[in-house]
J.: 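Please find one structure pasted underneath; my questions will follow.
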Amino acid sequence: MTTGSVSVSLLPGIAAEEASRFRDDFYECLLARGDALFELTDALLCADGPVTAPVDLTLVAEHRRGHGAMYDALNHGNVDVPRLRQVLAGLPMPRAADGRLALAVDVSNWLRSDAPTSADRLFCHVYGRSGRSSDQFVPGWPYSFVAALESGRTSWCQLLDAVRLGPADDVAEVTAAQVRRVVTDLIEMGRWHHGERNILIVFDAGHDAPRMAHLLAGLPVEVLGRMRSDRVMRRPTPTLKEYAVAYPLGGRPPKHGKEFRFAKPDTWGDPDASTTQVTDRYGIAHAMAWDRLHPRLTTRSAWIDHTGALPVIEGTLIRLQVNRLPGGGDPLPLWLWSSATGLSGEAVDVRWQAFLRRFDLEHTFRMIKQTLGWTRPKLRTPEAGERWTWLVIAAHTQLRLTREAAADLRRPWEKPAEPARLTPARVRRGFRHLRPHLHCPARAPKPSTPGPGRPLGSKNRRHATRYDVGKTTRRPESIIERDSLRG
């Protein structure tokens, strides 16, 4: 038997060993009601079909407790989240095409429009609900997720962290603290070493990439984010020699270079790098990059409390234009900004290809919502919602760890797939057959007698508190407004 065949034959055993080790570590992170929470996670993975309600999971054979224990675990359980974060960071991490770690950050909403007794709800921006094409604002709990991306077209990624955004939170500052914590855990768990390429952090247009680069200063990371098509940036500050040639009569040297307007091609000039690639999904992809471009910051909004001179945050601006889109829409140009400077043409291609891999996180959101039922429970408190969120993350992680050992239990109308290319939903179909080969640390339930409950016919005299929806704090937009609020 060749070395290659031996390695392939050992893959299922290695996958089962890695998954069993994670299950033990996950169980140790459940400090209160751990047995009920662990069996609820197994029921998530072994249930037939999509999860529609947590109470249905109590009827699954792998859940040996009643529905009362399930609700008690969600409402009064305790998950050691910092330890679970380190457990996730210590798992084998997928790598990007150039061998570096690539993390995607995005927000997904748990909509709670019909829950006036649930606290800390915000207005979540959603598109096209109920057959409508316009965007809407629906009350709910927004969560910021961080996931490690793989290379190539796939529906897999490794979820590493989830943070609920509260009414008093600044999204950029909370996200920066979240990413800083994840990167620190990856370094402490040995997934990144000194001398390796910087970790690539990919943001969508909802986060201002230059500000995120400023907030993440000091970490071995590179920020890559999408920019709006109406932005205006500035070129590097001219040197004294360049200024003397352009303005022979003298004057005060400028703090910023000339404008670069995304919507005006006559302000672009010649790119510092230009590449053309032929792709299967997008046709011909043409990328142009301009080095050392930065936004002109003002003492307003997010920078109103900044002390000292405003920073000059330089990076590389990339414009990507493709021939077609997979859905047949109009292929508008895509603007990206990277905190790295001096990029070559090959490095520019790596950046925009890594950004396209960010959409793999959308497949994960769809899977945990539609299959694992992340947003299905009607939980009242946000703390219970956070416990349920971490159970879903643990369930999705077990699917990823066992995908090499899973069989393809496909429907008659589905196409066959290679074992290494199974989707998370297909791996979940066979998890019930894999579970007997994995370690199960949960203890058997003890016999008990249900309580009497509320007397029949009595009314509930403890009415739940109603909470308002929306932000509780607002950042002042100008110095005058800031001083008036302080006075």
Side-chain angles (χ1 to χ4, degrees), residues 14-31 34 37-38 40-42 44-45 77-96 100-108 143-150 154-164 174-193 196 199-202 219-221 357-358 360-361 363-365 367-368 372 374 385-404 424 427-428 431 438-439 441:
I14 296 175
E17 181 181 355
E18 190 70 33
S20 296
R21 188 182 304 112
F22 172 77
R23 287 165 64 87
D24 290 337
D25 295 338
F26 171 58
Y27 180 76
E28 293 178 359
C29 296
L30 306 177
L31 304 181
L37 291 174
F38 190 88
L40 182 60
T41 307
D42 275 358
L44 267 173
L45 295 169
N78 189 7
V79 180
D80 190 350
V81 175
R83 184 176 180 180
L84 182 54
R85 288 191 180 110
Q86 288 196 330
V87 171
L88 294 172
L91 297 175
M93 289 291 116
R95 299 278 176 165
R100 75 172 71 200
L101 282 173
L103 306 182
V105 183
D106 203 356
V107 176
S108 185
Y143 277 80
S144 175
F145 286 86
V146 178
L149 301 177
E150 298 189 0
T154 178
S155 57
W156 290 95
C157 65
Q158 175 59 56
L159 293 174
L160 298 176
D161 195 16
V163 172
R164 181 180 54 83
V174 172
T175 304
Q178 179 187 21
V179 174
R180 185 176 293 273
R181 183 174 55 244
V182 170
V183 172
T184 302
D185 289 340
L186 290 173
I187 296 175
E188 292 180 353
M189 300 304 294
R191 295 306 170 186
W192 185 91
H193 301 87
E196 296 183 358
I199 301 175
L200 188 63
I201 313 294
V202 185
L219 291 178
V221 300
R357 294 273 62 81
R358 189 202 68 83
D360 297 339
L361 186 55
H363 297 294
T364 302
F365 289 156
M367 194 271 173
I368 65 175
L372 297 182
W374 171 48
E386 292 175 3
R387 296 186 192 101
W388 173 258
T389 300
W390 283 106
L391 297 187
V392 172
I393 292 177
H396 183 270
T397 301
Q398 293 184 58
L399 293 178
R400 178 178 171 271
L401 294 176
T402 57
R403 61 175 175 172
E404 298 288 350
V427 175
R428 180 175 175 265
F431 190 86
L438 305 177
H439 185 241

J.: Less than 4.5 Å apart, side chain to side chain, heavy atoms only: is that true for Ile393 and Leu160?
T.: no
J.: Leu186 versus Leu103: any side-chain heavy-atom pair under 4.5 Å?
T.: yes
J.: Looking only at atom types and distance, does a side-chain atom of Ser20 sit under 3.5 Å from a main-chain N or O of His439, one as donor and one as acceptor?
T.: yes
J.: Using the rule given for side-chain contact (heavy atoms from CB on, under 4.5 Å), can you reason through Val79 versus Leu31, listing the C-alpha separation, both sets of side-chain angles and the distance that settles it, and then say yes or no?
T.: CA-CA 6 Å; Val79 180; Leu31 304 181; over 6 Å; no
J.: Taking the side chain as every heavy atom from C-beta outward, state whether Arg428 and Leu372 have any atom pair closer than 4.5 Å.
T.: yes
J.: Side chains of Glu18 and Pro92: does their closest heavy-atom pair fall under 4.5 Å?
T.: yes
J.: Tell me every residue that passes side-chain hydrogen bond (donor to acceptor under 3.5 Å, both in side chains) with Asp25, counting only those two or more places apart in sequence or in another chain.
T.: none
J.: Could you go step by step and tell me if Phe145 and Thr364 meet the side-chain contact (heavy atoms from CB on, under 4.5 Å) rule?
T.: CA-CA 11 Å; Phe145 286 86; Thr364 302; over 6 Å; no
J.: If only atom types and distance count, is the side chain of Arg83 paired as donor or acceptor with the main-chain N or O of Cys29 below 3.5 Å?
T.: no
J.: Closest heavy-atom contact between Gly77 and Arg387?
T.: O-NE, 2.7 Å
J.: Quick one: list whatever passes ring pair (Phe, Tyr, Trp, His ring centres under 6.0 Å) with Tyr27, sequence neighbours left out.
T.: Phe38
J.: Please determine whether side-chain contact (heavy atoms from CB on, under 4.5 Å) holds for the pair Val163 and Arg181, giving the CA-CA distance in whole Å, both sets of side-chain angles, and the decisive distance to 0.1 Å.
T.: CA-CA 11 Å; Val163 172; Arg181 183 174 55 244; 3.5 Å; yes
J.: Could you tell me if the side chain of Leu200 sits less than 4.5 Å from the side chain of Val221, heavy atoms only?
T.: no
J.: Any non-hydrogen side-chain atom of Gln158 less than 4.5 Å from a side-chain atom of Thr397?
T.: yes
J.: Counting only N and O atoms by type, is there a donor-acceptor contact under 3.5 Å from the side chain of Arg85 to the main-chain atoms of Asp185?
T.: no
J.: Please evaluate residues Gln398 and Thr41 with respect to the criterion side-chain contact (heavy atoms from CB on, under 4.5 Å), reporting the C-alpha separation (whole Å), side-chain torsions for both, the decisive distance (0.1 Å), and the verdict.
T.: CA-CA 10 Å; Gln398 293 184 58; Thr41 307; 3.8 Å; yes
J.: Do you know the tightest heavy-atom contact between Ala394 and Phe22?
T.: O-CE2, 3.7 Å
J.: Mark yes or no for whether Trp388, through its side chain, and Trp374, through its backbone, hold a donor-acceptor pair below 3.5 Å.
T.: yes
J.: Not counting sequence neighbours, which residues clear side-chain contact (heavy atoms from CB on, under 4.5 Å) with Glu386? List them please.
T.: Tyr143, Arg164
J.: Considering only heavy atoms from C-beta outward, does the side chain of Leu399 approach that of Leu45 to under 4.5 Å?
T.: yes
J.: Backbone N or O of Leu91 within a donor-acceptor pair of the Arg191 side chain at under 3.5 Å?
T.: yes
J.: May I ask you to test the Met189-Gln86 pair for a side-chain heavy-atom distance under 4.5 Å?
T.: yes
